[in-house]
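All values below were derived from every heavy atom in this structure, side-chain atoms included, with hydrogens, water molecules and symmetry-related copies excluded. Just so it is clear, the model here is predicted, and its values are computed rather than measured.
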Number of protein chains: 2
Amino acid sequence: MPLDLAGFLPYRLSVLANTLSRELAELYATRFGITIPQWRIIAVLGQHTDVSADFVCARTAMDRVTVSRAIAGLLARRLLIRRVSPADRRCSQLKLSAAGHRIYGEIVPLARGYESALLAELAPAERDALTHALSLLERRLTAR
Amino acid sequence: MPLDLAGFLPYRLSVLANTLSRELAELYATRFGITIPQWRIIAVLGQHTDVSADFVCARTAMDRVTVSRAIAGLLARRLLIRRVSPADRRCSQLKLSAAGHRIYGEIVPLARGYESALLAELAPAERDALTHALSLLERRLTAR
DNA sequence: TGAGAGTAGTTTCAAATGAAACTATAGTCG
DNA sequence: CGACTATAGTTTCATTTGAAACTACTCTCA
């Protein structure tokens with residue numbers, strides 16, 4: 001009848017995710033002076049160029065307010081270039097500046113390294129099982 | 001070279017955990033008028049009685065400030081009883097009130113049900129693989 | 001003993017968050 | 001056209017958060 005918090009999946013995921021986020025936030029902040037929302041935006045713009053803020057919202061699972069403020073911060077540091085879309089003057093077209101690309105080039109291997117270190121103790125089959133299970137859970141949640 | 005955020009483990013865990021937390025927070029709020037920190041405290045006091053706030057901190061992975069405030073809220077709603085420890089007057093001894101136990105009795109099956117629904121699409125072996133992988137990651141992180 | 005160091009818990013303050021209101025532009029249809 | 005609805009993005013405001021300072025008590029050891 002009693003429920004053990006330490007075995008309760010939402011609790012475990014929350015603690016784990018928050019620990020990772022804190023560590024990564026610290027890493028990104030000291031190395032590059034950016035926040036996690038900013039990193040996510042850079043990650044999206046490293047793959048897709050001249051996209052709108054709403055596109056970034058969809059890809060980063062962040063709300064508009066967070067994205068708007070993170071973009072403002074990146075613009076202030078000239079890591080991003082923003083133009084108004086000529087086709088639809090409500091939309092912006094965002095892309096990395098040269099400085100933004102430089103940070104992207106440095107931060108991606110760092111992020112990958114962090115992830116690898118984290119997964120280092122899992123056997124390949126265990127990693128696959130984890131990513132597979134996460135996919136199923138994600139699917140369950142996005143399908144309401 | 002480009003990194004896909006959707007496949008980046010810390011990102012996936014963060015989004016998943018935040019989605020679950022939001023849903024559960026909504027559930028606990030509408031049904032019982034409590035927050036997630038408050039629920040965690042109730043969960044601990046359902047298993048351990050007459051423990052200190054610091055004990056609760058350790059078991060819930062929440063910081064002192066959060067715990068202090070959540071306890072204040074629960075005391076205000078008379079779901080908790082707090083005494084000063086006679087052995088060490090700095091420490092409190094916390095336990096659920098009768099009303100607190102009643103909520104505990106209702107919320108535990110609800111939480112379990114939520115977890116089961118979440119895991120419903122995973123085969124038993126997949127669930128085991130998930131919990132096993134989470135244990136390994138937890139171990140990696142608590143060991144610095 | 002009693003001064004200094006340490007621990008339990010609370011309060012304060014500044015930063016992060018997100019819902020709701022707002023601005024500006026675009027599309028619809030009478 | 002021109003009113004109405006909808007969308008992109010920003011700003012405002014109230015709430016949540018956690019680091020640091022603070023209070024109160026305990027422990028150590030000279």
Query raised in the report: So, is A:Arg90 close to the D:dG9 phosphate, meaning a side-chain N or O under 4.0 Å from OP1 or OP2?
Result: no
Query raised in the report: How would you label the contact of B:Arg22 with the nucleic acid (heavy atoms, under 4.0 Å): base, sugar-phosphate, or nothing?
Result: nothing
Requested in this report: Quick one: label A:Ser85 by what it contacts on the DNA or RNA (base, sugar-phosphate, nothing), any heavy atom closer than 4.0 Å.
Outcome: nothing
Report summary line: Whole-Å distance, A:Ile41 CD1 to D:dG9 P, equals 11 Å
Query - Rounded distance (Å) that lies between atom C1' of D:dA19 and atom CD of A:Glu26 - result: 13 Å
Report summary line: Heavy-atom nearest nucleotide on DNA chain D taken for A:Arg69 and for A:Ser92; more 5' hit belongs to A:Ser92
Requested in this report: Using a 4.0 Å heavy-atom cut-off across all strands, classify A:Arg89 as base, sugar-phosphate, or nothing.
Outcome: sugar-phosphate
Query raised in the report: Parallel, tilted or perpendicular: which describes the rings of A:Trp39 and B:Phe8, with under 30° parallel and over 60° perpendicular?
Result: perpendicular
Query - Minimum side-chain heavy-atom gap B:Leu141-A:Glu23 below 4.5 Å - result: yes
Requested in this report: Look at all strands and tell whether A:Thr35 reaches a base, only sugar-phosphate, or nothing, counting heavy atoms closer than 4.0 Å.
Outcome: nothing
Requested in this report: In whole angstrom, give the distance that lies between atom CZ of A:Arg82 and atom C1' of D:dA8.
Outcome: 11 Å
Report task. Check whether the side chains of A:Thr66 and A:Asp63 place a donor and an acceptor atom closer than 3.5 Å, and report yes or no. Result -> yes
**Report entry** Student check: side-chain heavy atoms of A:Gln38 and A:Ile41 closer than 4.5 Å
**Finding:** no
Report task. Can you label the angle between the B:Phe55 ring and the B:His48 ring as parallel, tilted or perpendicular, going by 30° and 60°? Result -> perpendicular
**Report entry** For atom CG of B:Asp63 and atom P of D:dA19, their distance in whole Å
**Finding:** 6 Å
Query raised in the report: Just the endpoints, please: which first and last nucleotides of DNA chain C, 5' to 3', lie under 4.0 Å from a heavy atom of chain A?
Result: C:dT17 to C:dA26
Report task. Tell me, yes or no, whether the heavy-atom count around B:Arg112 atom CZ, taken from other residues, nucleotides or ligands under 6.0 Å, exceeds 12. Result -> yes
